[in-house]
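Lettering of chains follows the sequences in order, A, B, ..., and the numbering in each one begins at 1.
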Number of protein chains: 2
Amino acid sequence: MPQTGGARRRVGRPAAAVLDQAGITAAALRLIGKDGYDGLTMAALARSLHVAPSALYNHVESKRDVLLLVEDHLTALVDVTAFAAEPWESAVRKWAWSYRDVFAEHTPLIPVIAVLPVTDAPQTLAMYETVSAGFRAAGFPEERIVSAIVALESFIFGSAYDVTAPADIFDSGSMAESTPSFTGAVRSLAALGHEKPADVAFSLGLEALIAGFGALRE
Amino acid sequence: MPQTGGARRRVGRPAAAVLDQAGITAAALRLIGKDGYDGLTMAALARSLHVAPSALYNHVESKRDVLLLVEDHLTALVDVTAFAAEPWESAVRKWAWSYRDVFAEHTPLIPVIAVLPVTDAPQTLAMYETVSAGFRAAGFPEERIVSAIVALESFIFGSAYDVTAPADIFDSGSMAESTPSFTGAVRSLAALGHEKPADVAFSLGLEALIAGFGALRE
DNA sequence: CTAATAAATGAATGGCATTCATTTAGTGGT
DNA sequence: ACCACTAAATGAATGCCATTCATTTATTAG
């Protein structure tokens, strides 16, 4: 049943197409924003588009395809503008923070992205092109560009998960006495009173990577 | 139906308990080794233990619990021995490679680990204790220890995904002409003929992090 | 001895992605 | 103008999944 309220569409091809990939992507994003990734089911997606679930399969091959559409849409939101206007260090810094922030809200996509051939994701490919051109212009040896980007990306994806971790993730509970070193370190960090510990760790790692990679430039 | 062949157990509590958490963990690991994480279903797990699926719920609360048991078991396999015997740099290096190697085979656990309160995972907590003690002994300022470990872990988790990526992940296909910088960088890396590009990126990032963090020591 | 608890079975339950037969509408070729 | 083909919708399965529950039997605590 495509619609609960309102006149339901009669069987057969409608005069004007109801669905397309852009509409499916937009509906998926709305759904994710409202109910999270648990709420993103093919049935719910169909319902939000006033369509039967099977109709979706005329436009995507699988749910993974939907996630791919979402991923590519989100990648286009990552800010790469600094590569055209700023020195390499600050361009990388802005890109990395933006990249992490976008996907921290969408960690269920990370397993999809990580093994996604870039051919299937034009916006993602476009991001890589801009970033690698930035590295090249900054004097990076060509054969290290991809490895450096991959390393940064790995750090970014891992850090995106970290953003979603519960605040008390390092509470050692009843084991505190048997883990004095770790418990002390956790308390000592907490004493600094940072609002977002994930940001501190991300900044620390990112600056180390930027400094280390910066030294590779010729 | 608990068993397909053989005499099936009659209804009611058996004289000796059939299941316990250690047995469930071992069976889950066998199953994952044989059929991967897709093959790890509560039904398959029960079948491999000659038990009805519902019997599992006397020993774990949910499938997530099973993944947690597996995760904690695997963490115990991560090599932290170098922290007792070697300089900080090489200890971190060995730990990080070992950690990545263990979880590269188990990437579906990463979303679970990333948000897992350490209270629920004693082996994981033990690893943190050893590692943080190593950082402390190496002269790390206490309030930076946790952030540095988190940053390294983020990089490690992201890199574990990278290991599983298909070899042709960066093949830009028909878009090659419109992405000259990226395509050139990919070709240039390929020309080096490394067997495992993921290892090159991991090494590059890890050495940058070690160098950057090493400078924090007092 | 008896009540409570623990550990098993087996039969649901509801949700999920996906497939398929069917219907209807547009399209390209002769 | 006709006809075959393709595209896009419906609605009814299908099979798998994690989880729950009533029931049975055995052990354990008081």
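Evaluation of the salt bridge (charged side-chain N to carboxylate O under 4.0 Å, His left out) rule for E105(A) yields no partner, not counting sequence neighbours. Qualifying side chain to side chain contact (heavy atoms under 4.5 Å, CB included) partners for D171(B), counting only residues two or more places apart in sequence or in other chains: D168(B). Applying the side-chain hydrogen bond (donor to acceptor under 3.5 Å, both in side chains) criterion to S98(A), with sequence neighbours excluded, gives no partner residue. Legend: residues meeting salt bridge (charged side-chain N to carboxylate O under 4.0 Å, His left out) with K63(A), ordered by chain and number and at least two apart, are absent. With sequence neighbours left out, the side-chain hydrogen bond (donor to acceptor under 3.5 Å, both in side chains) criterion links Y161(A) to Y161(B). Partners of D101(A) according to the side chain to side chain contact (heavy atoms under 4.5 Å, CB included) rule, which considers only residues two or more places apart in sequence or in another chain, do not exist here. With sequence neighbours left out, E129(A) forms a side chain to side chain contact (heavy atoms under 4.5 Å, CB included) with S132(A), T179(B), P180(B), S181(B), F182(B).
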Heavy-atom contacts, protein to nucleotides 22-30 of chain D, under 4.0 Å, summarised as B (base), S (sugar-phosphate only) or - (none) per nt, yield --BBBS---
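Across residues 57-72 of chain B, Y57(B), S62(B), K63(B) each have a non-hydrogen atom less than 4.0 Å from an atom of DNA chain D (numbered order). A heavy-atom distance below 4.0 Å to DNA chain D is reached by these residues of residues 34-44 of chain B, ordered by number: L40(B), T41(B), M42(B), A43(B).
Taking atom CZ on R47(B) and atom P on dT9(C), their separation rounds to 14 Å, with Å as the unit. If you measure from atom CD1 of I24(B) to atom C1' of dA18(D), you get 15 Å, rounded to the nearest angstrom. Rounded to whole Å, the distance from CG on L19(A) to P on dT10(D) is 8 Å.
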Distance-only donor-acceptor pairs under 3.5 Å for side chains of residues 21-30 of chain B, two or more places apart:
| from | atom 1 | to | atom 2 | distance (Å) |
| --- | --- | --- | --- | --- |
| Q21(B) | NE2 | H59(B) | O | 3.0 |
| T25(B) | OG1 | Q21(B) | O | 2.7 |

Could you go through residues 190-199 of chain B and list every donor-acceptor pair under 3.5 Å that involves a side-chain atom there, pairing it with any protein atom two or more places apart or in another chain?
| from | atom 1 | to | atom 2 | distance (Å) |
| --- | --- | --- | --- | --- |
| D199(B) | OD1 | R100(B) | NH1 | 3.1 |
| D199(B) | OD1 | R100(B) | NH2 | 2.8 |

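Across all strands shown, A17(B) has heavy atoms under 4.0 Å from sugar-phosphate atoms exclusively, and none from any base.
Note: Y99(B) and F157(B) have perpendicular aromatic rings, judged against thresholds of 30 and 60 degrees for the angle between ring planes.
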